[in-house]
Amino acid sequence: MKKVRTRYAPSPTGFMHVGNLRTALYEYLIAKSQGGDFVLRIEDTDRERYVEGAVDVIYRTLETAGLKHDEGPDVGGDYGPYVQSERKDLYRPFAEKLIENGCAYRCFCTKERLEALKDTEEFANGGYDRHCRDLPQEEIDRLLSEGTPYVIRQKMPLTGSTTFTDAVFGEITAPNEELQDQILLKSDGYPTYNFANVIDDHLMGITHVVRGNEYLSSTPKYNLLYEAFGWEIPTYVHLPLIMGKDDDGNVSKLSKRHGSTGFDDLIAEGYLPEAIINYIALLGWCPDDNNEMFTLSELEKAFSIDRISKSPAVFDYAKLEWFNGEYIKAMTTEQFEQLAKPYIMQAIGDKPLDTLKIAAILHQRTTKLTQIAENISFFAGLPEYDKELFINKKSKTNAENAPVMLKAAYDELKAVPEWNSEAIHDTLIGLAQKLGVKNGTVMWPVRIAAAGRKVTPGGAVEILDILGREESLARMEKGLAKF
Ligand code: GLU
């Protein structure tokens with residue numbers, strides 16, 4: 001059996017859409033699940049779209065996502081160069097071979113002529129009228145001797161149909177008369193994507209061509225090229241569309257109005273690479289059991305092409321957040337602190353508070369790192385708050401007993417010899433017992449005074465411990481002053 005080889009072939013646009021990342025992930029998994037090689041090839045033949053630094057975005061994303069390529073521009077390999085612009089000169093002989101065997105032709109049409117075609121009814125939406133398809137040889141020779149610029153176009157059969165099988169979408173047939181005589185080689189000598197992808201996939205020994213299904217309709221043309229060269233046709237694996245949920249309940253192609261669509265943007269929003277990868281693995285593929293949690297190496301074992309779906313997948317941000325929360329929970333508090341520290345520092349500024357203790361109260365309730373700063377903003381400074389907050393039915397506190405509890409807690413805490421969570425805990429619980437009230441009746445007013453808000457990560461004990469004696473007592477005094 002031939003070794004499986006897949007390639008991720010991004011065009012360097014400077015932006016990694018989650019759809020592209022899913023393509024990369026599936027190519028990686030198809031290769032790795034079968035002991036194959038995953039190749040990175042940069043498709044930069046569209047010079048007008050070239051963006052400086054965009055290749056670095058690709059390297060960085062693959063590395064952060066853990067998708068290690070076996071061959072590519074940076075790591076080398078036996079099938080290089082892996083950047084299409086560096087392969088520029090190798091495409092022309094292949095295009096000329098197609099001219100020789102009658103599957104392509106030179107087209108000398110000027111830009112102006114092609115523009116003018118758009119004014120006709122038939123070609124208003126683009127397309128080419130095959131004007132140069134059957135030029136007499138003398139005419140071709142004359143134009144060439146005059147140095148007239150030309151492109152090379154694929155000569156599509158005018159009758160019959162082309163059929164191919166896609167591993168996901170099944171058998172697909174296109175009537176040949178619908179296929180345009182597409183450009184293979186541009187006048188500047190650069191190949192078009194439509195030509196280069198076939199040549200490179202063949203020369204690089206790619207066995208599985210995996211890509212978004214926007215390429216499905218072009219695949220008959222690629223198939224005809226493989227046939228024209230007499231090359232083995234790779235396994236085509238087209239992936240389902242990724243949709244987003246619209247406000248009106250419908251779905252449409254995932255775009256910025258649904259939320260972040262770029263890998264970097266999702267990271268900046270507080271999602272972890274592992275959670276993103278786990279989630280997007282399930283956007284179009286499902287395992288044969290109901291398991292949803294997969295590390296990359298588990299995916300490498302579980303993945304199979306026959307469980308890729310052709311139905312569009314819907315990107316659900318709430319579900320991604322759920323995955324993120326699960327990944328966060330599974331960490332140790334120390335690991336979480338490392339990750340959360342920049343966000344904690346953002347909230348507390350230069351206050352010398354114990355970030356590990358703050359991480360501990362945040363850990364199990366954080367589903368997105370960007371929630372952190374808001375959740376702990378009260379540590380930086382006591383917010384303005386209304387004394388109504390002291391009243392809580394469940395804790396049995398009211399306007400009468402709240403100040404009494406707070407004052408009693410204040411007096412007892414002031415006398416604690418050493419300020420630590422155990423001492424604070426025992427003092428407050430002891431006080432509730434002594435007064436014959438629920439623990440909550442003491443804890444509630446203390447926590448409100450310490451944080452100045454109703455919902456906090458951590459309870460009264462943890463918050464007082466983190467704030468320290470001086471700040472805690474000062475905040476309790478402020479609370480008492482409200483009565
Ligand atoms: N360069 C193409 C893209 O970025 C690759 C398509 C393919 O995988 O063949 O969409």
Side-chain angles (χ1 to χ4, degrees), residues 4-31 36-51 53-62 65 67 69 71-73 79 81-88 91 94 154 164 166-169 172 182-184 186 190-226 231 233-242 253-255 261-263 280 284 305 308:
V4 169
R5 287 173 61 80
T6 61
R7 88 300 191 266
Y8 177 47
S11 304
T13 61
F15 179 74
M16 182 70 88
H17 189 278
V18 286
N20 290 122
L21 184 60
R22 184 197 56 177
T23 302
L25 173 64
Y26 282 23
E27 320 211 33
Y28 173 87
L29 293 174
I30 288 171
D37 288 332
F38 171 58
V39 178
L40 173 64
R41 178 173 79 222
I42 303 296
E43 302 208 325
D44 61 346
T45 59
D46 190 348
R47 306 310 285 172
E48 278 160 30
R49 282 176 61 202
Y50 189 75
V51 181
V55 179
D56 295 328
V57 174
I58 296 166
Y59 291 144
R60 200 184 60 229
T61 306
L62 291 181
L67 308 182
H69 46 285
E71 295 167 32
Y79 298 82
Y82 293 92
V83 178
Q84 280 182 336
S85 58
E86 291 170 23
R87 302 169 68 78
K88 185 186 166 209
Y91 302 103
F94 287 103
Q154 189 175 355
F164 68 94
D166 183 85
V168 175
F169 287 82
I172 296 198
Q182 62 177 354
I183 297 176
L184 303 177
K186 295 181 260 188
Y190 275 99
T192 56
Y193 160 74
N194 288 325
F195 190 48
N197 89 88
V198 171
I199 305 296
D200 288 345
D201 285 342
H202 172 72
L203 294 180
M204 293 181 176
I206 300 303
T207 57
H208 293 67
V209 169
V210 186
R211 60 184 159 220
N213 76 358
E214 66 270 28
Y215 290 98
L216 203 54
S217 61
S218 302
T219 303
K221 304 184 215 172
Y222 309 146
N223 219 54
L224 287 167
L225 287 173
Y226 282 102
W231 291 342
I233 290 166
T235 301
Y236 297 116
V237 185
H238 286 91
L239 306 180
L241 273 177
I242 300 182
K253 203 170 162 199
L254 184 70
S255 69
T261 59
F263 181 72
I280 66 173
I305 296 176
I308 299 176

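As the structure lists them, so they are numbered: ligands from 1, and atoms in each ligand from 1.
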*When you look for heavy atoms under 4.0 Å from ligand 1, do you find them on the side chain of Y8, its backbone, both, or neither?*
neither
*Around atom 8 (O) of ligand 1, find the nearest protein heavy atom and jot down its residue, atom name and distance.*
R7 NH1, 2.9 Å
*Which heavy atom of the protein is the closest neighbour of atom 5 (C) of ligand 1, given with residue, atom name and distance?*
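The closest heavy atom on the protein side is A9 O, 3.1 Å.
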*Polar-atom distance check: R211 versus ligand 1, any N or O pair below 3.5 Å?*
yes
*P10 N/O under 3.5 Å from ligand 1 N/O*: no
*Any donor-acceptor N or O pair under 3.5 Å, side chains Y215, N197*: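 No - no donor-acceptor pair under 3.5 Å links their side chains.
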_Distance-only donor-acceptor check, side chains R211 and H238, under 3.5 Å_ = yes
_Distance check, rounded to the nearest 0.5 Å: T61 atom OG1 versus N20 atom CG?_
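The OG1 atom of T61 sits 10.0 Å away from the CG atom of N20.
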*To the nearest 0.5 Å, what is the distance between CG (L40) and OH (Y8)?*
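One finds 8.0 Å between CG of L40 and OH of Y8.
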*Which option, Y193, Y215, Y222, owns the non-hydrogen atom nearest atom 9 (O) of ligand 1?*
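Residue with the shortest heavy-atom distance to the ligand atom: Y193.
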*Should you measure from each heavy atom of E43, which atoms of ligand 1 turn up under 4.0 Å away?*
1 (N), 2 (C), 5 (C)
_For a 4.5 angstrom cut-off between non-hydrogen side-chain atoms, does P240 reach I308?_
yes
*Give the minimum heavy-atom separation between P12 and E43, together with the two atoms involved.*
CD-O, 3.4 Å
